[in-house]
Amino acid sequence: MTASSRVHDSRRRRVLLMAGIIFLAVFTPLAFGAVHPWAYKIGEMAAFALLLLWPFGRAADDGQPAELRQPIRTFAIPIVAFLSFALLQVTPLPPAAVHFFSPSTYRLYQQVFPGWPAQAPYAGLRGSLKPMSEVAAAASPLTVVLPTVKEVKAGAPIPFAPKAQSAGAEAANGAEEGGSPGSGEAVSKIYSTRWRPLSIAPVLSWSGLILFAACAALFMLVAFVPVGAVASKAERDWFVGTAVTVFLAVGLAIAMLGLVQQATWNGRILWFFVPLDWGAPMLDVVPRASGPFVDPDHFAGLLAMIFPLAISGTFFGSPLVSSRWSNGYRIACAVTSFVLMAAIIMSQSRAGWIGLALGVTLVMLLTSRKEEGVENSAGSRRWVLAGASLMLVLAMLFIGASGRGQVSTRVQNSLDTDAGLPSRVNAWAGGLEVVKDFPAVGMGLRAWPELFAQYRSRPWSDLYFAEAHNDYLQLIAETGMVGLALAAWFILRAGSFIYRRYAALPQKILPIEAALVTALVVMCVIEFFDFDLQIPAIAFFFAMILGLAIRVAWSWTLDEDADQFQPPRGVLARAWVPIAAVGLLAATLVQPSVAYPYNLQPPTSVAQAQSMLLLYPANPYSHEAAASFLGERMPLEERIRQREIAVALDPMNPYTRDAYMRELAADGRGADALEQIELSVFNSPAPNTHPYMSDRIIGWLSADERGAVERGIARARAEQIPGAIAGAAAFYEGVGKYSDEAALYADAAQHARDSHAQYLYLLSAASAASRGRDYKRAQSLLEQAYAVEPDQPKAYYELVMNVYVPQKDMAGVKHTVAQAIDNGIDSYEMESLLASAAQSMGDLPAAIDAIKKIAADRPDSFEVTMRLGELYGQNHDFNQAVIMLTRAIELRPDSALAYEILAGADEQAYNYADADKAYARAAQLAPDNEAYKMSYAAFLKKSNSAGTAKAGTRTP
């Protein structure tokens, strides 16, 4: 191949590669981050198709620059090594090999596959099932408490309902007789023998392997293609400059999309897509900016990675842009920087905010290299800092008061136990336990969500960390020290490669390389707190940016006139890349078509149930689904075994343990069932996680069952499990132990963390005591409460309405009202409370006196005047009622309610003509109110039937 043809071939490959980069950069973020199988399969296939651009055939015969051969091998070897290790994880191995590499995986297989390794997993499942003809209908219980829909969703069984397992078994019979197996069933046959993979979820590991291979292909392509010839200076500048510009344009578009979407939120991503997790449009929440991503943190992560490129272009420009467009380029970068900053702020992603600050800081530091003859860059760094600060101020003004309020709330919530850093620290602690159990080769690439439930701490929560929110910890847990070593090998080689060449780069190209390196560092820091690189779109961007950083490092330091080429050795060396590309293209298709975990659906055949058990043996749902589907066809002993496995895999889950408890009870193992109730309540004391703790059902529990619940609550309280107090209170409330409930809250008040928490506990204790008619205790508790927070009205209300009113103690009511007013509580509220208390006790004169006192201070208050008129009517002083209600109508002539009540008072006072007018006016003002029409009609009927009574006359 001549030099001319070599350059032409290289140029053609660069153009095609750039087209692929543009496609991936635009498509994958807009396809919701490419998290769905249809999207990431397209992205992966595009990457592998681009791999065919690697020179082979005649181009490979011509060789590659001698100086590039070693760098290519430097990165290819660790990449191939990691891919080979990941492939080993999904390869079935003999039991002895599994035990050698990972004793914990071996023990797990023994636990989830009864009889393994002596026999193949679930080889005798079909043979152990009973024929449908032998399945007897379950006898109906004598006493039944029908659960609500909410309780059914929480796991309560439905009496008299057709059994799902029986119906499922019938479907299973039909499925076994005919029908073709699904792709999952076909794949499961690979793992149906005694040989098992090191990965506990081989399907997930396979998808992870394909994604890593696609990113590796992109990295190598961007970093080194074309390798058949050294590109000319113009071609080199064009490739890097175009790629950076594409990334900036995509970042600007995604950021603007996120801001516009937030301002015009209709409950859907991109205004039309409802994620599977949501189930329905989210219209009742104030959204964080997320653009096409479901998770705002991932939206912010992508933008934070692009932000250094924008900030570098703003303050340093680009030597890859002609001088004619230089100023315009810098202005465009400034606009992009501002929009990116505003979008990241509105995403409320704390990791994104860290990325912003880190991006500005590192760009300043990495561009500060001093060279002989180059002006000191301290002034430039000050300009960058000042410009970034100004952008931040403008961005905060741009998002408005509402946006700033959201940001402030997000900062305050950063330390919340449920949503902030502490919950992630708890997840990390569980992750460290995983690492301890699977130290060498891990539990399988991307298998974290399959097994992590086993390591969760109590109490159980539906906030489940399907990812570790720390990709370094997750990588170690999934691939062990071997995977960590291979990943570190690649990272160290990449860092060393860039570092060694950084000092030799020309000063003009330094800002671009600094921005690329900063983008990589920003993402590496974000990975300590999130899992952005598990999102295919972000992983592709990271691979391409890393490839650009490597490309800049060698292409601006390599001899442009190199003419020494080393031809590859042998046919395999010339053809292995296209062979691998074709193989990987085919491998991309061997992935589930439905995203995990939504591909785990209730089985409709025995084959599907067996497939789930083989492919996802560490997932508790696989065992629960098999037991539920096969039901009475499965021997009770085996069904209990499946429930027991599910409990071992997710010990904190109350629904899983309660289902196990019901199977034990059905087997007559009452003591064991009671022990499971105790453990279930101990692990999850929240009442809403146990159907039997509902106030509708708890009264039907036996004494032994109540005792088990109470013991579980006592254990949770002893270990100060969050939610234990609420669980204990709900139990005592349900069984009518109000004294114990009051004592529980009173004890909690003594150990409260602050005065407001103490105040709330005292209120709850008093409320329980008053329900138990222990008014003396309730009074004491409420007096303690308003002594703690005398400016809060709730305790006074409770004392009046729940203690003095039931005892008809008007003196106590008046004393409490006076004390509240002395403590600064609004007199209007307290006089209204006095009136309500007097009215509840039947002391209408006292209520009227209280409202009259308020009316004297608020003569123009429609509500007060109306209430006084109604009280006069209830006290049968209809003439005064008419006077006050007439005054109320003068204050609000359009009140249909006032006319309706006035009509009733006039009727009681025998002012029939006035009553007629008032009824008619009420119906006129509220024509759609059927009650007003009926009242008027009844009055007319009564008036007409009276006959002899004259309008306006009064009878004594």
Side-chain angles (χ1 to χ4, degrees), residues 19-52 90 180-188 201-218 250 253-254 257-258 261 267-281 290-296 298-299 301-302 445-447 449 466-467 531-544 581-601 608 611-612 615-616:
I21 290 173
I22 294 172
F23 170 75
L24 289 170
V26 174
F27 168 75
T28 54
L30 290 178
F32 315 109
V35 295
H36 298 93
W38 63 268
Y40 62 68
K41 285 182 181 181
I42 291 175
E44 291 165 353
M45 292 177 70
F48 297 139
L50 289 175
L51 195 57
L52 294 173
V90 300
S180 58
S183 60
E185 296 170 41
V187 173
S188 67
V203 175
L204 297 182
S205 296
W206 180 256
S207 294
L209 186 158
I210 299 300
L211 178 60
F212 179 84
C215 292
L218 270 180
V250 170
I254 297 296
L257 191 62
Q261 177 179 268
R268 296 171 171 85
I269 301 296
L270 294 185
W271 301 282
F272 74 91
F273 175 69
V274 178
L276 294 173
D277 285 340
W278 296 5
S290 64
F293 293 84
V294 176
D295 191 334
H298 301 151
F299 168 76
L302 177 66
L445 191 64
R446 304 200 56 178
E467 291 81 15
F531 55 99
D532 289 38
L533 289 183
Q534 295 190 49
I535 306 304
I538 301 177
F540 289 154
F541 261 87
F542 184 85
M544 291 187 289
V582 173
L584 289 169
L585 275 169
T588 301
L589 301 176
V590 189
Q591 299 182 79
S593 299
V594 180
Y596 174 88
Y598 304 102
N599 61 330
L600 301 181
Q601 295 294 327
Q608 287 184 8
S611 173
M612 287 177 60
L615 295 179
Y616 302 95

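Any value given below was found using the heavy atoms of this structure, including those in side chains, with hydrogens, waters and symmetry copies removed.
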What pair of heavy atoms forms the shortest contact from Leu218 to Ala47, and how long is it?
CG-CB, 4.0 Å
Please report the interatomic distance NZ(Lys41) to CD1(Ile210), rounded to the nearest 0.5 Å.
10.5 Å
Against Val250, only a single residue in Val26, Leu302, Leu30, Thr28 fulfils side-chain contact (heavy atoms from CB on, under 4.5 Å); can you say which?
Val26
Nearest 0.5 Å, please: how far is CZ in Phe293 from CG in Leu270?
10.0 Å
Would you check if Gln601 and Val594 make a side-chain contact, meaning some heavy-atom pair closer than 4.5 Å?
no
Between Phe540 and Leu211, is a side chain to side chain contact (heavy atoms under 4.5 Å, CB included) present by the stated rule, with each step listed?
CA-CA 9 Å; Phe540 289 154; Leu211 178 60; 4.0 Å; yes
Can you tell if the side chain of Phe541 reaches within under 4.5 Å of the side chain of Pro29, non-hydrogen atoms only?
yes
Which atom of Leu51 lies closest to which atom of Ala217, heavy atoms considered:
CD1-CB, 4.0 Å
With a 4.5 Å limit on heavy-atom distance, are the side chains of Leu445 and Leu204 in contact?
no
Taking all non-hydrogen atoms of both residues into account, name the closest pair between Gln591 and Ser207 and its distance.
OE1-OG, 3.1 Å
Side chains of Ile269 and Trp278: closer than 4.5 Å at any heavy-atom pair?
yes
Of all heavy-atom pairs between Gly208 and Arg446, which one has the smallest distance, and what is that distance?
CA-CD, 3.3 Å
Under the side chain to side chain donor-acceptor pair (under 3.5 Å) rule, what pairs show up with a residue in residues 531-541, not counting sequence neighbours?
Asp471-Gln534, Gln474-Gln534
Would you be so kind as to tabulate the donor-acceptor pairs closer than 3.5 Å made by side chains of residues 32-40, with sequence neighbours excluded?
none

State which residues pass side-chain hydrogen bond (donor to acceptor under 3.5 Å, both in side chains) with Asn599; sequence neighbours excluded, sorted by chain then number.
Tyr616
Got Val187 and Trp206 here, is their nearest side-chain heavy-atom distance under 4.5 Å?
no
Nearest heavy-atom neighbours spanning Tyr596 and Pro449
CE2-CG, 3.7 Å
Just to verify, what does Phe542 make a ring-ring contact (aromatic ring centres under 6.0 Å, His included) with, not counting sequence neighbours?
none
Can you tell me how far CG of Leu585 sits from CD of Glu44, rounded to the nearest 0.5 angstrom?
10.5 Å
Minimum side-chain heavy-atom gap Leu257-Phe299 below 4.5 Å
no
Among residues at least two apart in sequence or on other chains, which ones pass side-chain hydrogen bond (donor to acceptor under 3.5 Å, both in side chains) with Ser205?
Ser199
Contacts of Phe212 that satisfy ring-ring contact (aromatic ring centres under 6.0 Å, His included) - sequence neighbours left out
Phe82
Indicate the atoms forming the closest heavy-atom contact of Val294 with Pro275, along with that distance.
CG2-CG, 3.8 Å
